Enquirer: 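Structure in structure tokens, see below.
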Amino acid sequence: MVFNSFNFLLFLPIVFALYWILAKSSSKSQNLLLLVSSYFFYACWDYRFLFLLMFSTFLDYFTGIKMHEAATQNGKKFWFWLSIGINLGFLGIFKYYNFFISSFQELLEGFGFQANFWTISVILPVGISFYTFHGLSYVIDIYNDKIKPEKNIVDYSVFVSFFPLLVAGPIERATHLLPQIQRERHFDYYKAVDGLRQILWGLFMKVVVADNCATVVNEVFEKQESLNAGSLFVGAIFFAFQIYGDFSGYSNIALGTARLFGVELLRNFNYPYFSRDIAEFWRRWHISLSSWFKDYLYIPLGGSKGGIWMQVRNTIIIFVVSGFWHGANWTFIIWGALNALYILPLVIFKLNRNNTNIVAENSVLPTVKEIVQIGITFILTTIAWVFFRAETVTEAWLYVVKIFNYKAYGFPQVDLKPFIYIIILIFVEWIQRKKAHGLELSTIKYTFIRWIIYLLVFVLILFFGASSDSFIYFQF
């Protein structure tokens, strides 16, 4: 069941109505409804993997309590590593086993040894990377005495399985989401209305921008050998906006949906393509994952306290690991390494905190310098996205080489219509860059103007939206 499906259009209002009817009784009944609804939502993908989600949830719930009750530090460590080992073990088997086996086999064959190892054929459980990281952060926080374990199994299960964030984030923290689940929630009309606006904007980003770009991107990457460099250049730009529209669109729908239930999720995107350097980009792109790696990997490794070379080492590690988190392919690892390479000069020369304010904060348009900075950052990011999208490193390399071959250029041989939707997206987000999302219109006091804008976005979705039955990040 995807957010842009007819099934979800039926599912959401039914759960919404029942949820607020139950508000008259207690938050416990609301949470039980959310848990049942979330499990149903997940089972619509593949009911067999629902049991894996339930096992992972109970594992972290149980080990969290046992860590807190442990009489000795060794006992606490036992339960901690048991949870970490099983969680990462499941993730490794389902997501990375075949990658390691095939890579090792290729290595041996490179030295002249023949090898034929056993591989497994299994579907990757949707959302496993996201709900595993939910559980890991919870267990790590208990181990470090930052939080106490949740004793209510329903509340904890809702924290892990809340359906708006279940399959593609944002990656929540117990310190942020659990208190909202535990307390009573009262219907907030203005929050719910703004949630609907955010859902509408997310749908525009997904079905109008991302899915229209996807049609061209798929064609370009399939036929890159026969197309000219101009077509490949357009394809790379379109993929940059496809993945942004797809993932940020999903996040907007998730955040908007959660607000209908009185829950505020962590913001995942903050207009990343207006960034003036790569460091700023990573403060604005997939924020929940970036902050997760910072808190649970970068800082434990020593962060920025151990001198410049430790910062360099730690930066490379978190970007390579981030790439590997996205998928079991060398293309993702190269993508992560490229971003590390981009950001290292800023880290070494202590320029990575230069752009922490909003671009053109006190003016309508950016300066020439800011335009150049934004352009360079976008080009670097787009080159890295080629490796993210390609099936193999060789395919990505040949793609990039051809883009930089001026003799191979010609007028693009692909449909350029998605540029219209990209321009609309950029225009709206530039105007709204100080707001939480593109349709936050609280400052427009005339109701009829707001409704005209809603109608225009709805018309674009209805008549110009393309069809897709999935989101890119479901595969991670």
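Please read these numbers as outputs of a predicted model, since none were measured by experiment.
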Enquirer: Just wondering, are more than 12 heavy atoms of other shown residues or ligands nearer than 6.0 Å to OH in Y96?
Expert: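 Yes, OH of Y96 has more than 12 neighbouring heavy atoms, counting only those of other groups under 6.0 Å.
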Enquirer: Could R197 and E440 be called an ion pair, given the rule that one side-chain N must be under 4.0 Å from one carboxylate O?
Expert: no
Enquirer: Counting only heavy atoms not in E264, do more than 12 fall under 6.0 Å of its CD?
Expert: yes
Enquirer: Could you tell me if the ring centre of Y42 sits under 6.0 Å from that of F49?
Expert: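 Between Y42 and F49, the centre distance exceeds or equals 6.0 Å.
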Enquirer: Using a 6.0 Å cut-off, check whether atom CZ of F40 has over 12 heavy atoms from anything other than its own residue.
Expert: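 Atom CZ in F40 is not crowded, with 12 or fewer foreign heavy atoms closer than 6.0 Å.
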Enquirer: Can you give me the closest heavy-atom contact between V414 and V220, atom names plus distance?
Expert: CG1-CG2, 3.7 Å
Enquirer: Identify whether NZ of Lys or CZ of Arg in K294 sits under 6.0 Å from the centre of the six-membered ring of W282 and within 45° of that ring's axis.
Expert: no
Enquirer: Around atom CD of E361, are there more than 12 heavy atoms from other residues, nucleotides or ligands closer than 6.0 Å?
Expert: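 Counting neighbours around CD of E361, more than 12 heavy atoms of other residues, nucleotides or ligands fall under 6.0 Å, so yes.
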Enquirer: Suppose we call two aromatic rings close when their centres sit under 6.0 Å apart. Are F387 and F332 close by that rule?
Expert: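 That pair fails the under 6.0 Å test.
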Enquirer: Taking all non-hydrogen atoms of both residues, which atom of F130 and which atom of H286 are closest, and how far apart?
Expert: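 Scanning both residues, the minimum pair turns out to be CE2-NE2, 4.1 Å.
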Enquirer: Is any NZ, NE, NH1 or NH2 atom of the basic residue among E280 and R284 found under 4.0 Å from an Asp or Glu carboxylate oxygen of the other?
Expert: yes
Enquirer: If you draw a 6.0 Å radius around NZ in K435, do more than 12 non-hydrogen atoms from other residues or ligands fall strictly inside?
Expert: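 Yes, enclosed.
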Enquirer: Kindly give the heavy-atom pair with the smallest separation between I358 and K434, and that separation in Å.
Expert: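 Nearest heavy atoms, I358 then K434: CD1-CG, 3.8 Å.
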Enquirer: Do W285 and W385 make the cut of ring centroids closer than 6.0 angstrom?
Expert: yes
Enquirer: Any side-chain donor paired with an acceptor under 3.5 Å for S288 and N268?
Expert: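 Result is yes, a qualifying pair exists.
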Enquirer: Between K95 and S129, does the side chain to side chain donor-acceptor pair (under 3.5 Å) criterion hold? Intermediate values first, please.
Expert: CA-CA 9 Å; K95 192 169 182 177; S129 296; 2.6 Å; yes
Enquirer: For a quick check under 3.5 Å, do R389 and N218 share a side-chain donor-acceptor pair by atom type?
Expert: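 Side chains of R389 and N218: pair found under 3.5 Å.
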Enquirer: Strictly under 6.0 Å, is that where the ring centroids of F241 and Y421 end up?
Expert: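 Aromatic pair excluded; centres sit 6.0 Å or further apart.
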Enquirer: Rounded to the nearest 0.5 Å, how far does CG of L260 lie from CG of L12?
Expert: 6.0 Å
Enquirer: Which pair of non-hydrogen atoms, one from T257 and one from P164, has the smallest distance, and what is that distance?
Expert: CG2-CG, 3.9 Å
Enquirer: First locate atom CG of N357, then atom CG of N362, and finally report the distance between them rounded to the nearest 0.5 Å.
Expert: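 It comes to 8.5 Å.
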Enquirer: Using the benzene-type ring in the case of Trp, are the ring centres of F238 and F419 under 6.0 Å apart?
Expert: yes
Enquirer: Are F204 and F464 close enough, and set up right, to give a ring-ring contact (aromatic ring centres under 6.0 Å, His included), and what steps lead you there?
Expert: CA-CA 10 Å; F204 168 79; F464 299 97; over 10 Å; no
Enquirer: Quick one: do the H134 and D60 side chains pair a donor with an acceptor below 3.5 Å?
Expert: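 There is no such pair (donor and acceptor under 3.5 Å, judged by atom type) between the side chains of H134 and D60.
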Enquirer: Hey, what do you get for CG (N7) to CZ (F41), rounding to the nearest 0.5 Å?
Expert: 10.5 Å
Enquirer: Taking the six-membered ring for Trp, are F319 and F293 ring centroids under 6.0 Å apart?
Expert: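 Ring-ring flag for F319/F293: false, centres at least 6.0 Å apart.
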Enquirer: Check whether Y273 forms a cation-pi arrangement with R276 (NZ or CZ under 6.0 Å from the six-membered ring centre, at most 45° off the ring normal).
Expert: no
Enquirer: Compare every heavy atom of N252 with every heavy atom of Q198, then report the nearest pair and how far apart it is.
Expert: NE2-OD1, 3.0 Å
Enquirer: If you take the centroid of each ring, where Trp contributes its six-membered ring, are Y250 and F3 closer together than 6.0 Å?
Expert: yes
Enquirer: Would the F281 and F378 ring centres measure less than 6.0 Å apart?
Expert: no
